[in-house]
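Below, read A as the first sequence line, B as the second, and so on, with proteins coming before strands; counting in each chain starts at 1.
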Number of protein chains: 2
Amino acid sequence: MQDLVQTNGAEGPLYSRIHRELGERIMRGSYPVGALMPTEVELAAEFGTSRSTIREALRSLTEDGYVERRQGMGTRVIASEISAGYHQSLNSIHELQQIALDTYMVILSDEQVALDDALAPRVGGKTDEVWAKVSGIRWTAPGGRPICFIESYVPGRLAHVVPEFHGLQGSFFDLLERRSGEAVREVQQDIRAVQMPVRISRMLGLPDGAQSLQLLRRYITDRGTLIASCNWHPADQMTYRMQIRRGRGPQD
Amino acid sequence: MQDLVQTNGAEGPLYSRIHRELGERIMRGSYPVGALMPTEVELAAEFGTSRSTIREALRSLTEDGYVERRQGMGTRVIASEISAGYHQSLNSIHELQQIALDTYMVILSDEQVALDDALAPRVGGKTDEVWAKVSGIRWTAPGGRPICFIESYVPGRLAHVVPEFHGLQGSFFDLLERRSGEAVREVQQDIRAVQMPVRISRMLGLPDGAQSLQLLRRYITDRGTLIASCNWHPADQMTYRMQIRRGRGPQD
DNA sequence: ATCGCCTTTTGGTATGGACAAGTCACACTG
DNA sequence: CAGTGTGACTTGTCCATACCAAAAGGCGAT
């Protein structure tokens with residue numbers, strides 16, 4: 001497979017170059033969605049390599065979500081574009097922005113805090129670093145129903161943007177992305193069932209000890225956390241619904 | 001290495017048993033967080049196996065988030081309490097299968113029920129239809145810790161497959177997919193914080209009124225629901241973790 | 001037609017060896 | 001002291017081979 005070395009980037013290990021080549025064939029449609037790929041032995045023969053190397057390449061394709069493998073059956077192509085991996089749940093980062101646009105946030109406080117040992121790993125910082133902390137309540141509309149209580153943490157390098165949060169229409173992370181020039185690579189979200197802290201349940205007009213569904217989101221760029229946001233939703237008013245799709249091709 | 005075979009579950013491939021054993025050492029603190037694990041060669045010697053097999057086990061530990069590996073440096077322990085039940089990460093259908101493979105399910109009951117008005121929409125059926133209802137508890141391992149209580153509902157057209165659930169290694173939906181020939185198009189998941197029903201909290205050995213994180217999943221094919229599964233996790237033992245990524249191709 | 005058995009195909013697991021490529025500690029050199 | 005190699009060590013990549021286990025397909029008996 002000298003051709004492979006020439007046409008594709010010659011960089012990287014062999015299994016990685018084969019991984020790229022196979023990924024391109026899938027994207028081009030040479031291996032259509034729904035069809036079986038050549039077997040490991042056939043691919044090993046084609047690329048003039050060992051089965052182990054082919055398996056390593058196929059493993060990468062599996063992790064990408066391109067193919068699905070089953071013993072005795074073969075390797076089936078299940079998606080031809082990786083954007084299908086972007087899909088699940090809140091359907092992409094875009095939907096997060098939409099929630100912010102459709103609702104209304106009132107900021108209650110805005111201060112500087114030093115991270116303690118408990119907070120640091122949750123927001124993605126180090127102990128004793130100073131971050132900006134913004135608290136508030138999100139409403140369905142001005143004068144409407146409260147949706148959740150929010151505490152957001154912004155790292156020191158971006159604290160200068162925080163004053164602009166007041167009166168902002170739209171999402172904080174969107175503003176931070178534009179002001180900082182850092183692009184959000186991924187959002188990590190933790191969902192837990194926790195008792196609502198008393199100070200929060202009172203602010204939302206709920207009884208002490210009310211249960212809540214807590215969402216902790218970290219927006220991550222190449223430079224680390226852009227913003228971490230912790231939302232407490234009253235348990236009886238919140239169901240988090242998400243979908244995981246299996247990529248099927250263009251007709252989806 | 002006969003000890004491993006005896007003390008741990010003797011089931012599964014060798015690398016998988018070694019994976020479990022090393023995971024337990026990390027949880028017990030035999031390999032403290034921050035320290036380097038023994039090298040691949042040392043482990044291979046200890047377990048009397050080849051380096052490839054050790055590498056496969058270490059790869060699983062990496063995917064679990066227990067360790068971090070770097071060429072030339074070694075394998076470092078970075079977490080000690082991420083067991084399969086505590087953090088669930090769910091970015092693809094494939095990961096759902098993996099959770100089922102890494103854990104262990106005990107079926108407690110198996111009956112036919114008619115759907116009432118409350119249940120029908122939750123499982124994706126119609127009122128008064130007869131479905132099979134399978135209840136059970138998922139464990140980290142035989143004799144390990146309980147992870148969650150499960151109630152699964154299977155539509156009548158697939159009830160004949162239910163007897164095969166007993167003693168099954170792997171996920172129910174995987175089996176149903178194969179037996180029925182219907183492909184899961186998407187999984188819909190609802191996440192809520194609810195009080196655990198008393199009958200369930202008692203079976204898990206928790207006090208009455210314990211809080212839980214409830215996951216309701218529906219596996220949907222072209223012919224409707226393949227299986228609906230409702231999982232109650234003890235609130236203090238469960239964080240649901242997920243990531244929303246910006247897509248990337250195989251070119252990395 | 002349906003069931004059960006056998007064979008073939010295919011991915012999964014395991015071995016053992018070889019060399020490449022990072023990382024680190026340490027001695028050496030300017 | 002600062003920088004530079006050098007060698008030992010560790011994970012990464014790649015190979016050839018062997019056998020196992022699941023799935024599919026063919027075939028014959030019922």
Contacted region of DNA chain D by chain A, from 5' end to 3' end of the hits, cut-off under 4.0 Å to heavy atoms, spans D:dT13 to D:dA24
About how many Å separate CD1 of A:I54 and OG1 of A:T49, when rounded to the nearest 0.5 Å?
5.5 Å
Hey, what do you get for OG (B:S80) to CZ (B:R25), rounding to the nearest 0.5 Å?
16.0 Å
Give the rounded distance in Å between these two atoms: [atom1] of [X] and [atom2] of [N].
X	N	atom1	atom2	result
A:L14	C:dC19	CG	P	18 Å
B:R59	C:dG12	CZ	C1'	13 Å
B:M73	C:dA25	CE	P	11 Å
B:L36	C:dT23	CG	P	14 Å
A:Q71	C:dT10	CD	P	13 Å
B:Y15	C:dT15	OH	C1'	16 Å
B:I18	C:dT15	CD1	C1'	13 Å
A:L43	C:dT10	CG	P	11 Å

Touch class at under 4.0 angstrom, heavy-atom based, for [X] against every strand present:
X	answer
A:T53	sugar-phosphate
B:T39	sugar-phosphate
B:R70	sugar-phosphate

So, [X] and [Y], do they make that salt bridge, N to O below 4.0 Å?
X	Y	result
B:R51	B:E40	yes
A:R76	A:E68	no
B:R59	A:E56	yes

Check the pair B:S229, B:R217 against side chain to side chain donor-acceptor pair (under 3.5 Å), reporting the backbone distance first and the verdict last.
CA-CA 5 Å; B:S229 193; B:R217 282 199 272 264; over 6 Å; no
Could you check B:G72 against A:E56 and say which one's nearest nucleotide on DNA chain D is further toward the 5' end?
B:G72
How do A:I54 and B:R178 order along DNA chain D: which one's closest nucleotide is nearer the 5' end?
A:I54
Does a side chain donor of either A:Q189 or A:Y240 reach within less than 3.5 Å of an acceptor in the other side chain?
yes
For C:dG16, take OP1 and OP2 only and decide whether either is under 4.0 Å from a side-chain N or O of B:R51.
no
Indicate whether OP1 or OP2 belonging to C:dG11 is found under 4.0 Å from a side-chain N or O atom of A:T75.
yes
